[in-house]
Amino acid sequence: MPDPSPDEPYERVEPNEAREGKADASDVQELTEMGLEQEEFSRAVERDDRKEEEKVVVDQAFIPYNLQTEHSIPDKSIADCVEALIGCYLIECGPRAALLFMSWLGLKVLPKRGDVFGAVEQPKSPLIVQPGDAEQLAHHYSGMRFDEFEQRIGYTFSDRSYLLQAFTHASYYDNTITDCYQRLEFLGDAILDYLITRHLYEGHRQHSPGALTDLRSALVNNAIFAALAVKFDYHKYFKHFSPDLFRIIDRYLKLQKEKELNGRNVVITDDELEEGEEVETPKALGDVFESVAGAIYLDSGMSLSTVWRVYYRMMSPEIEHFTTNVPKSPIRELLEMEPDNTQFDKPVKSDGKVRVQVHIFNKGTFTGIGRNSRIAKCTAAKIALLALKQRAHSSEKF
């Protein structure tokens, strides 16, 4: 580049020199400060990122208790222990002791007066107090021939209004002196569940927990109760004004009659109904079977032994049959056979039926159909079990 002319001022050369990378002391200091600030900012960002990473690691590794001195117990395990303690008090010390223990736990199962727990009081008669109630009760009792039913079951009611209420459907508007059977049914359901459970638990066969669960499911259900209600003529005294209910009960009675003609002594279960005809089990008959149990309990002064004396006589053949031949739940059997490979889909409703599919990994998919999800799931499990057993039998031949 040629030398500048001596006539040109020096200042005109300075911008060119600055563009070539030259700067005075103030510019150098400013650039240095900017570099330091940028470096400090980068370090701060790195520190923040490092803190976030450390926080994530700490949160993931955080355990809220000492692994060497403490254990984590699931809520269900604690609940099971509490239930077991209540069972201990009930079996060894009696119902009163079990209720006192439950009260100590904070459950309001007994009336309390000051610091003393009282006894459960006898409920009032279900009779609606109004002029002419006694005459109407006598009219219903004689008109429905309840004396014949009392002879059939071997128990005579002191307060006949309990018996009238136990057989009154919500549609039966001729009865204006008591409520319908639903409250008694709620009570009787719990009573029969408890009595049958205790009988199975105290049985001399000493069944395993799984077998006890299967036995209770087989004996405490609407299909068993409805069939027993027909067997002991409950349906003859059941009062309702529902055409649909009349049709359902009539079809069910015909099926039960065919069963008796074929010489079968054990009542029909829901599974048998599903595999056979399209006959619906009348829920109302099972409800009445339970409501009469509740009525006997209240009429006898809340005596569980009286209820069991009446109902064990009616249920003893079925109890003996099932305790001798424990019915294993097909769902539980399938899960025990293929515990890691079994998956049930959610129930799907279509055309008034419920479908459930069960997938067995590498072994197939099986579909069950039923009136409700429980029956459909059981049917799917039974079909899967049958297919798996057939395959196992075929492989043994070869």
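Excluded from the calculations below are hydrogen atoms, water molecules and symmetry mates; all remaining heavy atoms, backbone and side chain alike, are included.
- The line from CG of Leu187 to CD of Glu290 is 10.5 Å long, rounded to the nearest 0.5 Å.
- Atom CD of Glu121 has 12 or fewer heavy atoms from other residues, nucleotides or ligands within 6.0 Å.
- What you find for Thr367 and Ile383 is that their closest heavy atoms are O-CD1, 3.2 Å.
- Contact record, Ala295 with Tyr162: CB-O, 3.8 Å, taken as the closest heavy-atom pair.
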side-chain contact (heavy atoms from CB on, under 4.5 Å) between Tyr194 and Leu90, worked out: CA-CA 12 Å; Tyr194 165 71; Leu90 179 63; 3.5 Å; yes
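- Distance alone, capped at 3.5 Å, places no donor-acceptor pair between the Tyr181 side chain and the Val292 backbone.
- Considering only heavy atoms from C-beta on, Thr379 stays 4.5 Å or farther from Ile369 through its side chain.
- A distance-only check finds a donor-acceptor pair linking the side chain of Asn175 to the backbone of Ile177 [under 3.5 Å].
- In this structure, Trp104 and Phe101 have parallel ring planes: the angle between them is below the 30° cut-off, well short of the 60° mark.
- Comment: Arg247 engages Asp244 in a salt bridge, judged by a side-chain N to carboxylate O separation of less than 4.0 angstrom.
- Gln122 places a side-chain N or O within 3.5 Å of a backbone atom of Leu298 that can act as its donor or acceptor partner.
- Side-chain contact of Arg355 with Ser350: a donor-acceptor pair under 3.5 Å is present, judged by distance alone.
- Across all their heavy atoms, Leu215 and Phe322 have their closest contact at CD2-O, 3.2 Å.
- Between the Thr342 side chain and the Pro339 main chain, no donor and acceptor come within less than 3.5 Å of each other.
- Not a single donor-acceptor pair under 3.5 Å links the side chain of Gln357 to the backbone N or O of Phe366.
- Arg113 CZ to Asp115 CG: the interatomic distance, rounded to the nearest 0.5 Å, is 13.5 Å.
- Among all heavy-atom pairs drawn from Arg96 and Ala119, the shortest one is NH1-CA, 3.8 Å.
- Between His169 and His240, the angle of the ring planes goes over 60°, which puts this pair in the perpendicular group of the 30/60° scheme.
- Here the closest heavy-atom approach between residue Gly154 and residue Arg313 is recorded as N-NH2, 3.9 Å.
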Ring pair (Phe, Tyr, Trp, His ring centres under 6.0 Å) between Tyr234 and Phe149, intermediate numbers included: CA-CA 8 Å; Tyr234 279 62; Phe149 176 75; 5.0 Å; yes
side-chain contact (heavy atoms from CB on, under 4.5 Å) evaluation trace for Asp233 with Glu148: CA-CA 10 Å; Asp233 299 329; Glu148 296 178 3; over 6 Å; no
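- Within 6.0 Å of atom CZ in Phe246, 12 or fewer heavy atoms from other residues, nucleotides or ligands are found, so the atom counts as exposed in its surroundings.
- A donor-acceptor contact shorter than 3.5 Å links the side chain of Asn325 to the backbone of His321.
- A donor-acceptor pair is defined here as one N or O able to donate and one able to accept, closer than 3.5 Å; such a pair exists between the side chain of Asn221 and the backbone of Ala218.
- Checking Ser125 against Asp159 by side-chain atom types alone, a donor-acceptor pair falls below 3.5 Å.
- Using a cut-off of 4.0 Å between Lys/Arg side-chain N and Asp/Glu carboxylate O, Glu320 and Arg205 are scored as salt-bridged.
- Counting only distance, with no hydrogens or angles, the side chain of Ser291 and the backbone of Ala166 share a donor-acceptor pair below 3.5 Å.
- Heavy-atom minimum distance, Ala293 versus Tyr311: N-OH, 3.1 Å.
- Annotation for Tyr89: atom OH does not count as buried by contact number, only 12 or fewer foreign heavy atoms lying within 6.0 Å.
- Two rings, from Phe167 and Phe238, have their centers 6.0 Å or more apart.
- Between Phe146 and Phe157, the distance from one ring center to the other does not fall under 6.0 angstrom.
- For residues 329-338, every residue pair satisfying the salt bridge (charged side-chain N to carboxylate O under 4.0 Å, His left out) rule, not counting sequence neighbours, is listed here: Asp214-Arg332, Lys328-Glu336, Arg332-Glu336, Glu333-Lys389, Glu338-Lys363.
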